[in-house]
Amino acid sequence: MKKYSIFSLLRNSINFHQDWQKAWRSPDPKSCYDVIIIGGGGHGLATAYYLAKEHGITNVAVLEKGWLGGGNTGRNTTIIRSNYLWDESAALYEKSLQLFEGLSQDLNYNIMLSQRGVLNLAHNLHDLREINRRVNAIRLNGIDSEFLNVNQIKAFIPIINISRKIRYPILGASLQRRGGVARHDAVAWGFARAGDARGVDIIQNCEVTGIVHEKGRVSGVETTKGFIGAKKLGIVVAGHSTVLAGMAGLRLPIQSYPLQAMVSEPIKPIINCVVMSNAVHCYVSQSDKGELVLGAGIDSYNSYGQRGSLNVIEDQLAALCELFPLFSRLRLIRQWGGIVDTSPDASPIISKTPIDGLYLNCGWGTGGFKATPGSGWVFAHTIATDQPHELNAPFRLERFTSGALIDEHGAAAVAH
Amino acid sequence: MLVIECPWCGPRSEEEFTNGGEAHIKRPSKPSALSDEEWADYVFMRKNTKGIFLERWSHSSGCRRWFNAARNTITNEIAAIYHINEKPPKEIS
Ligand SMILES: Cc1cc2nc3c(=O)[nH]c(=O)nc-3n(C[C@H](O)[C@H](O)[C@H](O)COP(=O)(O)OP(=O)(O)OC[C@H]3O[C@@H](n4cnc5c(N)ncnc54)[C@H](O)[C@@H]3O)c2cc1C
Ligand SMILES: [Zn+2]
């Protein structure tokens, strides 16, 4: 792999950019791999990269039914933060944020991490108490978090409406300054390129149609490109987790819901951080292209149709216009949906399964982009050593039998 | 946005309804005899069918009554609506 640098940029610009090396090969699948990762989203690609980098396992393939990052990775609103309430989640998401902070260097790929701060608004007395409790809990875990009063909020983000006369006035907020956004495609492409350079085979347009297992052990997968053998298999397919688990005869506590996002027409820089509101339910940031990136909650019924309902859009835009009246005359230019895998306690499942050699990483629901590197890092450990890392040990599938749930429904804010 | 046909009120907008998840789950008849695994299955494990899914709806902002529906979760097309105590129509199940 040729290194990206200021010199390679100069050299190639003289050449009218004709000589850039392909970012990854597109090999035909081998007959057998040590590890096959099903799903070429950020989490799957990160898993393959860390298997090669941290554990020296390079006979690895990532099988993706469509194109890399074409699932939720390329559809999400890219909010990154680690301000979670419970110790288990705080440790996992903070590990991920720390990996994000060094990721552009590590991958030699600019993922455009922008730690511009994430603000979570409080609109009533209960919100205020809850936010204060969370700020304290998060700080006890050594993670940056602070409380802002109304005047501090207005100073931080001058265009916000702090009128007391609106239906849900703003009363305070928590702020994680290290939170922010990153370029979603770049995260997938960076992991793909760096994994490929270490020998990982990335195989697109290859849908897994069956999981082959005998006597409680996996031996490979049936795909649209034929049978491919594997000693170990990792399922990392977000909205399709129950479909894939079903191929191995497993039942999961997962439901798939559409989650929508949308962008406005581009405007000059106007909002310098990420603003999220749980009570009126919307969140907003501004992309480098100038579009407002908007999102809110899931649709009310499970579905695999990547579009979503109009009433969800109406509700979040009403909320947005109350928080920022000056946005009311902006036009939307694009809207889309992704299928998110929600779990009963709003926490992921990163786990071994009852079948030997079969591993599961799912249940990230509406908030897994921020966890991409951390998820791959712990999942690679789980697959390589056949036991969870201490960071993901609490996130086992068995917690639904033991009752040791990690209830992150409040998730320090809206759950993204 | 879906238009859902309430068996009592007729076609109404999706916003008036609450989705109740998978239909036809039976409460265990002998709760005290259940193992932890069986409880986990009853409480947490759910079908998440890609295709025709049998589910419950409540017309929560209307007549507040419950009913069952068979919906294609890929297209969101509702193939059948039937009463809460009925089995799905033969051509579907
Ligand atoms: C609109 C929206 C907004 C969001 N906003 C945020 C946010 O602001 N912050 C945040 O942290 N998270 C957010 N999320 C959640 C986040 O996007 C996901 O949790 C995360 O990207 C999941 O990554 P993944 O790699 O597991 O899944 P994906 O990127 O969905 O990858 C799974 C891949 O598996 C492939 N696949 C499926 N079935 C098969 C098969 N049979 N064979 C082969 N491949 C298969 C799919 O094609 C897909 O590419 C948002 C999600 C959505 C939809
Ligand atoms: Zn009715």
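Here is the naming used below: chain letters follow the sequence lines, and residue numbers restart at 1 for every chain.
Here the OG1-CD distance, from B:Thr73 to A:Gln255, works out to 10.0 Å after rounding to the nearest 0.5 Å. Expressed to the nearest 0.5 Å, how far CG of A:Asn311 lies from CD of B:Glu16 amounts to 11.0 Å. Here the CG atom belonging to B:Asn72 is positioned 11.5 Å from the OH atom belonging to A:Tyr304, to the nearest 0.5 angstrom. Summarising the geometry, atom CG belonging to B:Asn76 is positioned 7.0 Å from atom OG belonging to A:Ser309; distances are rounded to the nearest 0.5 Å. Atom OG1 of A:Thr242 sits about 12.0 Å away from atom CE of B:Met45, to the nearest 0.5 Å. How far OG of A:Ser300 is from CH2 of B:Trp57: 4.5 Å, rounded to the nearest 0.5 Å.
Atom OH of A:Tyr168 is surrounded by 12 or fewer heavy atoms from other residues, nucleotides or ligands within 6.0 Å. Residue A:Lys225 qualifies as enclosed at atom NZ: its count of foreign heavy atoms under 6.0 Å is above 12. The number of heavy atoms from other shown groups lying within 6.0 Å of CH2 (A:Trp67) does not exceed 12.
In terms of non-hydrogen atom pairs under 4.5 Å with chain A, the most contact-rich of B:Asp36, B:Asn19, B:Asn48 is B:Asn48. When the candidates B:Val43, B:Leu2, B:Thr75 are compared by the number of heavy-atom contacts under 4.5 Å with chain A, B:Leu2 comes out ahead. Interface remark: of the candidates A:Leu310, A:Val312, A:Ile339, A:Leu252, A:Leu252 forms the most heavy-atom pairs closer than 4.5 Å to chain B. Between chain A and the residues B:Glu38, B:Glu22, B:Lys50, B:Met1, the most heavy-atom pairs under 4.5 angstrom are made by B:Lys50. For the set B:Thr18, B:Asp41, B:Ile74, the count of heavy-atom pairs under 4.5 angstrom toward chain A peaks at B:Asp41.
With a threshold of 4.5 angstrom between heavy atoms, A:Leu405 approaches chain B through side-chain atoms but not through N, CA, C or O. Contact of B:Thr49 with chain A is made through the backbone alone, with heavy-atom distances under 4.5 Å.
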Checklist entry - Can you list the steps and then say if A:Tyr301 with B:Phe17 is a side-chain contact (heavy atoms from CB on, under 4.5 Å)? => result CA-CA 10 Å; A:Tyr301 47 88; B:Phe17 295 85; over 6 Å; no
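Between B:Arg46 and A:Asn302, every side-chain heavy-atom pair lies at or beyond the 4.5 Å cut-off.
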